Each structure stands twice: as C-alpha cells, then as structure tokens.
Amino acid sequence: MTVGQDQEKINLSDPQTVTIVKIEGDGVGPEIWRASQAVFEEAARLSGRQIVWRPALAGEAAFKETGSPLPEATLNDLKHFRIGLKGPLGTPVGGGLRSLNVALRQALDLYACVRPVKWLTGVPSPVKNPHLVDMILFRENAEDVYAGLEWPAKSSEAKKLIEFLKEELKVPLAPDSAVGLKPMSEIGSKKLIRLAITWALRENRPSLTLVHKGNIMKYTEGAFRRWGYELAAEEFGGQTRPLADVVPGSEDNRLIIKDCLADNMFMQVLTRPAEYSVLACPNLNGDYLSDALAAQVGGLGVAPGANLGDDLGLFEATHGTVPPRAGLNIVNPSSLLFSGALAFDWLGWTKAAQSLRAAIAQTVQDGLMTYDLARYTGQEPISCSAFGEAVLARLR
C-alpha cells in the first residue's frame, strides 16, 4: 500500500540522508512522537538511510511562542525541504484561521489527501470480513465546501450575496440565511484524479471508482464524475476502460473506471468491499468516507494520511489532538507510525517502509495493543511508549 513519488521531482541532493520537517503537534502529538521517532530512525538506519529532523512549530504551541498558529518559518521549511511529518494540530481560538490543516494544504498546494485503508490481522473490527478491505482513497484537498467561502446569517456579506442571487439569478433565499459557495474546478478535479489513476496503474490495481453526488449536485459533483471519465479516456485511453465497456470473462486487464453515488458508496464499502480498490473523491465526500473506512480496520488510531502536491509531501496522524487523553501515555501511535511509512514510500525508501509496516503488524499479532484496540479484545492494554518500544524491538 504505497504512495511513491518521482525522484526527479524531489531532486534530493543526497537520497541516503534526508531532512524531514518535524511538527510534533498539539494534545497527544508530543507523546506519539516520543513513541515513534526512534522507530523511524531505526527503520531508516536498517535500510542504509538516515533522517535529519528539522523541528518546526504549528498549532497551539506555535501560537503561544510566536503569536501565529502557522509561522512563515514553518511554511518556508516545508517548501525548502519538501517533506514533513506531523502530529495532530489544534486551531487556537483567536488564531485567525478556520482550520490549520486546511490552511497548510492551501498555502502549500497540497491538492491530494491520500488515505490507505487495510486491515491488520488481529485488530478488532466491527465488520465480519475486515480482511476484504484493501483500498486507497484520494481526496481532493483544497476546493469544495472546504474552500472556506461562507458567511454568517444576517452578515453584510450574506445579505449582498442573497440580494445578488435574488435580483440577478432569480434565486430566492430566506433573508436570514447563512450562505456558502461550493467551488469545484476542472483543473483541481483533474489533478486529483490524474494522481489517483497514475497510482492505480503503477500498483496494478483492478479499478478506480469516482465517488460523487452528481445526481443532485449536477454541475459540481456531476462535473467531477464527467471530468474523471474524460481524463481517463484522453490521457490514459490505452490503459483504462469504463465499466460500461467491460465484457464479462474477457482477459482485458486495463484499469476499470467506474463511479458510485456517495451515499451508496457507504453501503458498498460495508457490504462489498472487495469490489473497490482505488477511490477518487471530492473534498467533503472523501472526508466522510475516509473515516468510515478507517472504522472498519481499527479506527483513526491506525489510519495514516498523506497530503501531496506535485513535489511536496506532508504526512500526518489523521486523528485529532484528543485533549482529555493528552499526557496520559495511552493513545495509539500507529497512525503516525504508518504515516512515516508513507513518507518512506514517497522518498523511494521501499525497504524502510516495508520493514516498518511489518514490525507494526507483528506487534499487533503478538497481542500488544494500546487501549483503543485492547478494550475490544479483553486484553490488558499497553501504553503508547510501550507500543513504540515493542515495534522498535521487532524492527531489530
């Protein structure tokens, strides 16, 4: 389950030694980092590589120290070194940002959020056949309702927009409505879908599904679907085929392009997960669906994430800061650990990525789990730090 990168785009001066921008994050961030950092370093060392960490600030800790939740120095470091690994971030009250994660994606043009979902043997699951879940979700990361184009009810901006809609487009809205815009561009949608198709072809996946609600939102999500089929035909015509052209029993191994309504997709991934491999989604659909998929394989504590641009990758623990559990040394560091494996994939450090995933899997199979998983098995949970030590021991 890899997300690789073109090494010429990264243009690393020394691919054996790489500087990674390290953002510990807020809440439980520092403790999952304490459990993970030595693991990353050992996986790299055993594969003949070396990591140099570049600490950087973002979130509540940055706000306290610099007065900004997203200092310019942090953005500059990420642009310069082109790879970062971060814990969860809290958006401080009064920080001037709706969401710090969205701000990072927009500032660095990280247009794709990539979430692999695959079950580990021994992890408790609420579904009967979690072993059938093996998908990777590509979510458009900058547009849709997450663009932040909304205004509160009765504000001057909302009143102006409501008046414009009424007078110019003959669209009546209640005058006390809050209003927002849902931009979805052809260029933004195609960048995301292009990356998803490229990955699916490289990894020899059987199908790619465009997830949308185009039956209702015909000119935004309906266009996402149409642009996806167009892109596949125009740029990957010899390597893909639409589901409508599939002949049962044929030996045609081209990547199948299909689509599914977003609401139906939630049912499909529960009842027929083996029929889905790569998902390409608009922003909001992808946000919902990635968490729903994670629930089938152990939850957000084991769910990795990557935010990718053309030549920059920011890898992250996908769960929140979890303030009630901060400092208790009980959270699962696997989301950060697996995100580190994604970062190794992106760098082309295949051996390091594989050995790290194998060590995590072996730890779980040996019955060593943090509270989030052990509570469903009746086993005695181990601490966050003990889990990191167990993974480190299995690496060696």
Side-chain angles (χ1 to χ4, degrees), residues 1-4 6 111-119 127 129-141 184 186-218 220-286 288-290 292-294 296-297 306 308 345:
M1 182 73 72
T2 62
V3 180
D6 184 341
Y111 59 83
C113 179
V114 184
R115 297 276 294 271
V117 187
K118 187 175 183 179
W119 183 67
V127 298
N129 296 301
H131 63 283
L132 298 178
V133 179
D134 183 4
M135 301 179 212
I136 184 164
L137 185 148
F138 288 78
R139 165 191 167 196
E140 198 286 318
N141 219 12
M184 292 178 63
E186 181 175 0
I187 189 171
S189 297
K190 285 188 173 180
K191 281 202 301 185
L192 180 281
I193 297 166
R194 183 180 294 110
L195 182 66
I197 292 176
T198 300
W199 186 90
L201 290 170
R202 185 174 67 239
E203 298 298 317
N204 198 31
R205 288 289 184 132
S207 68
L208 180 143
T209 304
L210 302 162
V211 182
H212 63 94
K213 192 61 179 167
N215 60 327
I216 303 298
M217 291 170 274
K218 300 181 185 298
T220 51
E221 302 209 10
F224 180 87
R225 172 188 180 276
R226 175 168 54 82
W227 291 328
Y229 279 114
E230 286 177 358
L231 177 75
E234 293 169 3
E235 298 187 18
F236 303 93
Q239 300 168 281
T240 68
R241 53 182 173 149
L243 181 62
D245 291 350
V246 173
V247 177
S250 73
E251 297 183 1
D252 189 337
N253 292 320
R254 288 178 294 169
L255 176 69
I256 297 171
I257 307 296
K258 54 187 178 179
D259 70 275
C260 186
L261 294 176
D263 47 348
N264 187 33
M265 193 76 241
F266 280 88
M267 182 177 71
Q268 294 293 318
V269 298
L270 284 169
T271 59
R272 307 168 79 172
E275 296 182 16
Y276 298 91
S277 180
V278 182
L279 309 180
C281 311
N283 207 331
L284 182 61
N285 293 339
Y288 291 157
L289 195 54
S290 59
L293 282 168
Q296 297 188 57
V297 298
L308 302 181
D345 288 328

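All values derive from a computational prediction rather than experimental measurement.
With values rounded to the nearest 0.5 angstrom, Leu308 atom CG is found 12.0 Å from Lys191 atom NZ. For the atom pair Ser207 OG and Met135 CE, the distance stands at 9.5 Å (nearest 0.5 Å). With values rounded to the nearest 0.5 angstrom, Ile257 atom CD1 is found 10.0 Å from Leu243 atom CG. Remark: Met184 CE to Glu140 CD distance equals 7.0 Å, nearest 0.5 Å. Arg202 contributes atom CZ, which lies 13.0 Å from atom CD1 of Ile197 (distance to the nearest 0.5 angstrom).
When side chains are defined from C-beta on, Leu137 does not count as touching Val117, because their heavy atoms never get closer than 4.5 Å. Two residues are said to be in side-chain contact when any heavy atoms from C-beta on lie closer than 4.5 Å; Val133 and Lys118 fail this criterion. Between Leu210 and Trp227, every side-chain heavy-atom pair lies at or beyond the 4.5 Å cut-off. Put simply, the side chain of Leu293 does not reach to within 4.5 Å of the side chain of Arg115, judged on heavy atoms. Within the 4.5 Å cutoff, side-chain heavy atoms of Thr209 are placed close to those of Met265. Within the 4.5 Å cutoff, the side chain of Phe236 has no heavy atoms near those of the Arg254 side chain. In this structure, the side chains of Ile136 and Val114 come closer than 4.5 Å at one or more pairs of heavy atoms. Put simply, the side chain of Asp134 reaches to within 4.5 Å of the side chain of Arg205, judged on heavy atoms.
Closest approach of Ala112 and Leu195 over heavy atoms only: CB-CD2, 3.5 Å. For the residue pair Pro130 and Trp119, the shortest heavy atom distance occurs at O-CB, 3.3 Å. Taking all atoms of both residues into account, the shortest heavy-atom contact from Asn264 to Cys260 is ND2-SG, 3.6 Å. Shortest non-hydrogen contact noted between Leu261 and Asn215 is CD2-OD1, 3.5 Å.
Each of Val278, Val211, Leu279 was compared with Phe138 under the side-chain contact (heavy atoms from CB on, under 4.5 Å) criterion, and only Val278 meets it. Across Glu221, His212, Lys213, a single residue satisfies side chain to side chain donor-acceptor pair (under 3.5 Å) together with Asn285, and that is Glu221.
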Take Ile193 and Phe224, measure what side-chain contact (heavy atoms from CB on, under 4.5 Å) needs, and give me the verdict at the end.
CA-CA 9 Å; Ile193 297 166; Phe224 180 87; 3.9 Å; yes
Under the criterion salt bridge (Lys or Arg N to Asp or Glu O under 4.0 Å), I'd like the reasoning laid out for Arg226 against Asp259: C-alpha separation, chi angles, the key distance, then a yes or no.
CA-CA 10 Å; Arg226 175 168 54 82; Asp259 70 275; over 6 Å; no
Intermediate values then yes/no, side-chain contact (heavy atoms from CB on, under 4.5 Å), Asp252 and Val247
CA-CA 8 Å; Asp252 189 337; Val247 177; over 6 Å; no
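Atom OH of Tyr288 has 12 or fewer neighbouring heavy atoms from other residues, nucleotides or ligands inside a 6.0 Å radius. Heavy atoms from other residues, nucleotides or ligands lying under 6.0 Å from CG of Asn204 number 12 at most.
Without hydrogens or angle criteria, Gln296 side chain to Val269 main chain gives a donor-acceptor distance under 3.5 Å.
Annotation: side-chain hydrogen bond (donor to acceptor under 3.5 Å, both in side chains) contacts involving residues 232-244, sequence neighbours excluded, comprise Arg194-Glu235.
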